[in-house]
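Heads up: the structure comes next, in structure tokens.
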Protein chains: 2
Amino acid sequence: MLTQLTLDQLRILASIVDEGSFSAAGRRLGRVQSAISHAVRNLEEANGVTLFDRSSRRPELTAEGRVLVEQARRVLAQVDTYERMAGAMAAGLEPQLTIAIDPFVPTPAVIDLLAGLRQAFPDIAVTLYTEGIGAAERRIVSGSAIIGICALNPFAPVTVQAFRIGSIDMVPVAAKGHPLAGKAAPLEPEDLAEHVQLVLTDPLESTGPNFNVVSPTVWRFVDIGRRLDFLLGGFGWGFMPHYLVREHIAAGRLFKLALSDANVLLGAIDVSVIHDRSRTPGRAAQWLLTKMREPDWHETFAYSLPKSADAKL
Amino acid sequence: MLTQLTLDQLRILASIVDEGSFSAAGRRLGRVQSAISHAVRNLEEANGVTLFDRSSRRPELTAEGRVLVEQARRVLAQVDTYERMAGAMAAGLEPQLTIAIDPFVPTPAVIDLLAGLRQAFPDIAVTLYTEGIGAAERRIVSGSAIIGICALNPFAPVTVQAFRIGSIDMVPVAAKGHPLAGKAAPLEPEDLAEHVQLVLTDPLESTGPNFNVVSPTVWRFVDIGRRLDFLLGGFGWGFMPHYLVREHIAAGRLFKLALSDANVLLGAIDVSVIHDRSRTPGRAAQWLLTKMREPDWHETFAYSLPKSADAKL
DNA sequence: TAATTTCGATCAATAATATCGATTATGGAG
DNA sequence: CTCCATAATCGATATTATTGATCGAAATTA
């Protein structure tokens, strides 16, 4: 035995407080009273703290005891979690679920999804990656994440199984003071050429091709929030998910640009849930995949975005 | 033994991960290697989860093991807290420190104080009461709190030991639209008589005398925040701690009233730290009392209030 | 008041199990 | 291939938890 203190002692302590007496605790735990008495004595001697005042009929917690029982319960709660986690794993639940999400995927739908997961699998450890664009898919391919929610790269390996769950409207915007913001007529490529386009880019493949790149002069951003700051600051124009700039457009801080059809390569980004076909998803991953394939959840996802009629405006 | 799982097993698990091998963990814990091996086997069998992959030279955690080690460490951290708390109590530290604070005492100074307490006594349990005015002193007298920070009642029992730590400027205010707000000349009692005064009151002694009560028509509030809402709503006038209404006066939402000297009973409330002379304060309480008597801390307290020159304005 | 029940402490006997020490098997480095 | 460190295994032993019986004190009941 490494230490004096044992879990059994703490469990017994908690039971005594719950039941009101040593004997009753013994009955509940299936031990004789003397065993309880002995355990309490050991616990008290382990730390040199008297836990119960036995002078009256029923044992009463001392001031020290009152505080330590609470701490004992915290210990037991953590132990309980350990055992539930271990039990779930023994029953075949994957120990850890890693999810990678592209930065433009709206948060509310994901939160809703994970709240459901937490209810179905309370003790599973979840890791959520949100990195630069393209990173989610790369994590699926490399195996460092099980489930990805991202834009599907048309050149993705065949082992990547994808299922479309919705789409995000993209709008070209510029800040209030920006020269492009005023022009009402459809903007032609030559109008855009003289202005800097702010582009969201894959941090690892910054030299590669990007979609929706129109201007010859491009600033590349890995962080979509930072890019929004630059857009608001009037540093250039760029495509943004409509749900992220909706408020800014309504407030007049950003203006939607009316591009001519020649410029609009992508009016919306398709969002898919992806996983690696070659590795079997665990029970929790399976649950997530099933959930995201339900039409109901597609509505939830769409609801977290502005209505499409709104986006056209 | 009530359960299969023991603290020793978890401790051993953590040590193995720290040291990198069963043998090394045994050396650190003063056990032979076979004891470690046995303990791990028991832990694995208790939950039916394999924690280590032993196929290579050094044991490697399985995916399940990685997650469970983290949980084991959480358990051990709670146990450690239990032991430190118990140890502190055995060394004479009071298990619980209860502090009662009057609602008008500014929070920043108290936060600063308790941050220091936490550093000096990391594991003590603190309960902080903030109730109606007068409640703090009552808790000291009744013994349900050890230290009070409050306005001293001149009729307090002699067993209450008090030490003045500062004062809070009180200003009479009324909202923008209130009839009194416009008047520049010093207001006489007859000017006030026609208007409702909003008063902070002791919830248990609402019929008793209150200080600074000038108007014959009085609305009594227990919650100072609620009273501020009513002041802002223009329901009447009243005395407020200057630091709480400073912003509102600057923003023009509240106006400071110019009362004639006949009305101003209390321009400031003295704040004292009090405790019951008859019960010896514990080490942590003693620390607080000493700290609050230092001139340095009086400055901290004063700093959390507007400067007095400001208050006169 | 007296009898009865319930409770916690104590102690010796016993059951359970943790630890030791020796041994064997195995993987990795040189 | 050899050597070293390591983990698993096993019987023996030491340690510890648990039991069951008994005692005195305190509350409950008649």
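The structure presented is a predicted model; accordingly, all values stated were derived computationally and were not measured. All chains are named by letter (A, B, ...) in the order of the sequence lines, taking the proteins before the strands, and each is independently numbered beginning at 1. Hydrogens, waters and symmetry mates are skipped; everything else that's a heavy atom, side chains included, is used.
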**Message:** The side chain of A:V32 is closest to which nucleotide in this list: C:dC20, D:dA17, D:dG20?
**Reply:**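 So the side chain of A:V32 is nearest to D:dG20.
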**Prompt:** Hey, does the side chain of B:N42 come within less than 4.0 Å of C:dT17's phosphate (OP1/OP2), counting only N and O?
**Reply:**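 Answer is no, no contact under 4.0 Å.
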**Asked** Hey, does the side chain of A:R54 come within less than 4.0 Å of C:dC7's phosphate (OP1/OP2), counting only N and O?
**Response**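 For C:dC7, neither OP1 nor OP2 has a side-chain N or O of A:R54 closer than 4.0 Å.
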Please work out if [X] contacts a base, only the sugar-phosphate, or nothing of the nucleic acid, heavy-atom cut-off 4.0 Å.
| X | value |
| --- | --- |
| B:R31 | sugar-phosphate |
| A:G30 | sugar-phosphate |
| B:R58 | nothing |
| A:S37 | base |

Side-chain ([X]) to main-chain ([Y]) donor-acceptor, under 3.5 angstrom:
| X | Y | value |
| --- | --- | --- |
| B:T62 | B:L51 | yes |
| B:R277 | B:V158 | yes |
| B:E94 | B:R283 | yes |
| A:N47 | B:G87 | no |
| B:Q71 | A:Q78 | yes |

[X] has an atom [atom1]; how far is it from atom [atom2] of [N], in whole Å?
| X | N | atom1 | atom2 | answer |
| --- | --- | --- | --- | --- |
| B:E44 | D:dA7 | CD | C1' | 12 Å |
| B:R57 | C:dG30 | CZ | P | 10 Å |
| B:E45 | D:dA8 | CD | P | 12 Å |
| A:H38 | C:dA15 | NE2 | C1' | 15 Å |
| B:D53 | C:dG28 | CG | C1' | 15 Å |
| B:R27 | C:dC20 | CZ | P | 14 Å |
| B:E60 | C:dG27 | CD | P | 14 Å |
| B:I12 | D:dA8 | CD1 | P | 13 Å |

**Asked** Does a distance-only test, which skips hydrogens and angles, find a donor-acceptor pair under 3.5 Å between the side chain of A:S34 and the base of C:dG8?
**Response**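 There is none.
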**Asked** On DNA chain D, nearest-nucleotide positions of A:D8 versus A:S55: which is more 5'?
**Response**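 Result: A:D8.
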